[in-house]
Amino acid sequence: CRTPLLAVLRQLGNDERRGEFANLAQTKTNYLYQLASCKRASCSAKKAVAIASASAQMSLLYGSDVLTVADIATMCQR
C-alpha cells in the first residue's frame with residue numbers, strides 16, 4: 001500500500017527528520033507509519049490537520065511533499 005504519507009516519510013530520508021515531522025504533528029513516528037501503511041484505517045480530524053500542517057513545514061525545510069487533510073483522510077480508501 002503506497003500512500004502519500006508513506007511517500008513523505010521516505011522523502012524525509014532519515015529518522016531524525018521523521019522524528020521532527022512526528023513532533024510537529026504532535027504524535028510518534030510509529031503512529032505515522034501505522035497510518036501510512038493503513039494498519040490504522042483513519043485518524044481524528046484534529047490529527048489529520050496536525051499532520052498536514054507538519055508536512056507543509058517539513059516541505060519548506062526539506063522539500064518533501066505537502067499533504068492535505070483530504071490526502072490523509074482518503075489515502076487508505078484507494
Side-chain angles (χ1 to χ4, degrees):
C1 179
R2 180 139 167 88
T3 61
L5 179 54
L6 185 58
V8 167
L9 289 166
R10 288 180 176 164
Q11 289 166 2
L12 291 173
N14 63 53
D15 290 341
E16 184 178 334
R17 289 180 181 179
R18 291 180 195 109
E20 184 179 351
F21 179 38
N23 286 336
L24 287 170
Q26 300 175 338
T27 192
K28 304 278 186 210
T29 306
N30 215 20
Y31 180 81
L32 293 175
Y33 272 108
Q34 288 174 352
L35 284 175
S37 63
C38 299
K39 290 192 177 121
R40 289 185 176 263
S42 64
C43 63
S44 70
K46 182 178 178 180
K47 185 60 65 188
V49 168
I51 293 168
S53 176
S55 77
Q57 292 177 51
M58 296 304 284
S59 177
L60 291 174
L61 291 171
Y62 305 114
S64 53
D65 293 343
V66 176
L67 300 171
T68 66
V69 172
D71 289 333
I72 297 161
T74 62
M75 67 184 176
C76 293
Q77 298 171 0
R78 297 175 183 170

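The first residue of the sequence shown is numbered 1, and numbering continues consecutively from there. Quick note: numbers below take in every heavy atom, side chains included, and nothing from hydrogens, waters or symmetry partners.
If you take CG on L35 and CG on L6, they are separated by 11.5 Å, rounding to the nearest 0.5 Å. Here the OG atom belonging to S55 is positioned 6.0 Å from the CD1 atom belonging to I72, to the nearest 0.5 angstrom. To the nearest 0.5 Å, the span separating CG on L5 from CG on L32 amounts to 5.5 Å.
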Hey, can you pull the donor-acceptor pairs under 3.5 Å for the side chains in residues 57-64, sequence neighbours left out?
| unit_1 | atom_1 | unit_2 | atom_2 | d |
| --- | --- | --- | --- | --- |
| S59 | OG | S64 | O | 2.8 |
| Y62 | OH | E20 | OE1 | 2.8 |

Donor-acceptor pairs are to be reported for all side-chain atoms of residues 23-31 against protein atoms at under 3.5 Å, with residues two or more places apart or in another chain.
| unit_1 | atom_1 | unit_2 | atom_2 | d |
| --- | --- | --- | --- | --- |
| N23 | ND2 | G19 | O | 3.3 |

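Scanning both residues, T3 and A36, for their nearest heavy atoms gives OG1-O, 2.7 Å. Counting all heavy atoms, side chain and backbone alike, I51 lies closest to F21 at O-CE1, 3.7 Å. Residues L67 and A52 come closest through the heavy atom pair O-CB, 3.4 Å.
In terms of the side chain to side chain contact (heavy atoms under 4.5 Å, CB included) criterion, residue partners of V49 (sequence neighbours excluded) are, by chain and number, V69. Legend: residues meeting side chain to side chain contact (heavy atoms under 4.5 Å, CB included) with A45, ordered by chain and number and at least two apart, are absent. Residues passing the side-chain hydrogen bond (donor to acceptor under 3.5 Å, both in side chains) test with R40 are Q34, sequence neighbours excluded. For D15, the side chain to side chain contact (heavy atoms under 4.5 Å, CB included) partners at least two apart in sequence or on another chain are R18.
Evaluation of the salt bridge (charged side-chain N to carboxylate O under 4.0 Å, His left out) test over residues 42-68, restricted to residues two or more places apart or in two chains, returns none.
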